[in-house]
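What follows is one structure encoded as structure tokens, with my remarks underneath.
For the numbers below, each heavy atom of this structure counts, side chains included, while hydrogens, waters and symmetry mates do not.
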Amino acid sequence: MAGSERQVSLDGRLALVTGAAKRIGAVIARTLHAAGANVAIHYNRSGSEADQLAADLNRRRAKSAFTVAADMRDIAAVQRMAAQVLERTGGRLDVLVNNASNFYPTPIGTITLEQWDDLFGSNLKAPLFLSQALVPALRAARGVIVNIVDVHSQRPLRDHPVYGPAKAGLAMLTRSLAKDLGPDIRVNGVSPGAILWPDEGQGMSDALRAAIIKQTALKRAGTPDDIAAAVLFLVRDAPYVTGQIIAVDGGRSVGW
């Protein structure tokens, strides 16, 4: 993917998507697969969903998807997972999408060290160490890393003083890796806005959802396909783009 060449497909390319069993990660995996890539589907607790996704993709194209498990807060497990992926692919990897993320409120006065380790571990520590473990393979392939950041890496979300800084760190990690890994590896980010609401019990009231939509220029939520399309653009269609973070937020960050 070097130089000014633009690919019309990802045929024969190999991609690892973390947190790919469901939600946005699953749509990213499906989108890269539809463009021709073979996909490693990482999961932690969603094994049945990951297996179902892999089976569906393999029905569409034989031997084009497999699953790998790891708790992204356990760096030894992350490194084992990286080794497992390379073993399955013959040592090759073209695309890494760091999507896995934990998200929940941590109001001041209630924050625990376990919450800090969980949110920073999944959102910042794991992407760094997974990327580092896969740099040799990505460098050999002149590959791409895409980190899924968050619009709240720039502007704080009330009652999330741990999650926001963790994503801010991921934004800086994206730029830092782009500088350190060029010219062989391009590193970019996609920063979602109102795409999928958190699962029940994660502190997102109807009133807060309505307020978020009101802040967007387009006055509506986006879809996981919007995020996946941005990832595909950065992977396939942007050979001279690195160190950038694209906000896919319906214009929320323009005026809020």
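In the hydrophobic clustering of this structure, Val97 does not group with Val27; members are Ile, Leu, Val, Met, Phe, Trp, Tyr whose side-chain heavy atoms approach within less than 4.5 Å, directly or through other members. Under the 4.5 Å side-chain contact rule for hydrophobic residues, Met172 and Val135 do not share a cluster. Under the 4.5 Å side-chain heavy-atom criterion for grouping Ile, Leu, Val, Met, Phe, Trp and Tyr, Val248 is connected to Val241 within one hydrophobic cluster.
Taken to the nearest 0.5 Å, the OG1 atom of Thr223 stands 3.5 Å off from the CG atom of Asp226. For the atom pair Leu119 CG and Glu114 CD, the distance stands at 11.5 Å (nearest 0.5 Å). Here the CZ atom belonging to Phe120 is positioned 11.5 Å from the NZ atom belonging to Lys167, to the nearest 0.5 angstrom. In this structure, CZ in Phe129 is found 9.5 Å from CG in Leu124, a value given to the nearest 0.5 Å. How far CG of Leu57 is from OG of Ser64: 6.0 Å, rounded to the nearest 0.5 Å. From Asn44, atom CG reaches atom CG of Asp71 across 4.5 Å, with rounding to the nearest 0.5 Å.
Nearest approach of Asn147 to Ile145, heavy atoms of both residues: OD1-CG2, 3.7 Å. Nearest heavy atom pair, residue Thr174 against residue Val187, reads O-CG1, 3.6 Å. Glu49 and Ala21 make their closest contact through CB-O, 3.6 Å (heavy atoms, listed as atom of the first residue, atom of the second, distance). The two atoms that bring Val17 and Ala20 nearest to each other are O-CB, 3.3 Å, heavy atoms only. Shortest non-hydrogen contact noted between Leu170 and Pro127 is CD1-CB, 3.9 Å. Contact detail for Asn188 and Gly243: the closest heavy-atom pair is OD1-N, 3.1 Å.
Inter-residue side-chain proximity for Lys63 and Asn38 is flagged as unmet; no heavy-atom pair is nearer than 4.5 Å. Taking the side chain as every heavy atom from C-beta outward, Val144 and Leu96 never approach each other to under 4.5 Å. Using a 4.5 Å cut-off on side-chain heavy atoms (C-beta onward), Ile28 and Ile148 make contact. The side-chain heavy atoms of Leu130 and Met72, taken from C-beta on, include a pair separated by under 4.5 Å. Side-chain contact check for Pro105 versus Tyr163: every heavy-atom pair is 4.5 Å or farther apart. Taking 4.5 Å as the limit, some side-chain heavy atom of Asn99 sits within range of a side-chain heavy atom of Ile24.
Under the 3.5 Å distance criterion, with hydrogens and angles disregarded, no donor-acceptor pair is assigned to the side chains of Ser191 and Asp150. Between the side chains of Tyr104 and Asp118, at least one donor N or O sits under 3.5 Å from an acceptor N or O. Counting only N and O atoms by type, the side chains of Asn98 and Thr18 include no donor and acceptor under 3.5 Å apart.
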### Verdict with supporting geometry, Arg252 and Val151, side chain to side chain contact (heavy atoms under 4.5 Å, CB included)
CA-CA 9 Å; Arg252 185 181 178 202; Val151 293; 3.9 Å; yes
### Query
Would Val149 and Val190 satisfy side chain to side chain contact (heavy atoms under 4.5 Å, CB included), going step by step from the backbone distance to the final call?
CA-CA 6 Å; Val149 190; Val190 175; over 6 Å; no
### Query
What do the steps show when you test His160 against Phe103 for ring-ring contact (aromatic ring centres under 6.0 Å, His included), and what is the final call?
CA-CA 9 Å; His160 290 73; Phe103 170 87; 4.8 Å; yes
#### Entry: Ile75 and Lys125: CA distance, side-chain angles, deciding distance, side chain to side chain contact (heavy atoms under 4.5 Å, CB included) verdict
CA-CA 8 Å; Ile75 297 305; Lys125 187 177 181 181; 3.5 Å; yes
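Test Ile185, Leu93, Leu134 against Arg139 for side-chain contact (heavy atoms from CB on, under 4.5 Å) and you get one pass: Ile185. Here the options are Val146, Val95, Leu10, the test is side-chain contact (heavy atoms from CB on, under 4.5 Å), and the partner is Leu232; only Leu10 passes. Tested against Ile41, the residues Val68, Leu53, Leu16 include a single side-chain contact (heavy atoms from CB on, under 4.5 Å) partner, Leu53.
Side chain of Arg220 to backbone of Gly250: no donor-acceptor contact under 3.5 angstrom is found. Between the Arg186 side chain and the Leu234 main chain, a donor and an acceptor come within less than 3.5 Å of each other. Listed for the His33 side chain is no donor-acceptor partner under 3.5 Å among the backbone atoms of Val39. Listed for the Arg88 side chain is no donor-acceptor partner under 3.5 Å among the backbone atoms of Phe66. Counting only distance, with no hydrogens or angles, the side chain of Thr110 and the backbone of Thr106 share no donor-acceptor pair below 3.5 Å. A donor-acceptor pair is defined here as one N or O able to donate and one able to accept, closer than 3.5 Å; no such pair exists between the side chain of Asn102 and the backbone of Ser122. A donor-acceptor pair is defined here as one N or O able to donate and one able to accept, closer than 3.5 Å; no such pair exists between the side chain of Asn58 and the backbone of Ala62.
Ion pairing between a basic and an acidic side chain is recognised when a charged N comes within 4.0 Å of a carboxylate O; Asp117 and Arg73 show no such pairing. Comment: Asp94 engages Arg13 in a salt bridge, judged by a side-chain N to carboxylate O separation of less than 4.0 angstrom. Under a 4.0 Å N-O distance rule, the pair Asp56/Arg30 qualifies as a salt bridge.
For NZ of Lys219, the number of neighbouring non-hydrogen atoms (other residues, nucleotides, ligands) closer than 6.0 Å is greater than 12.
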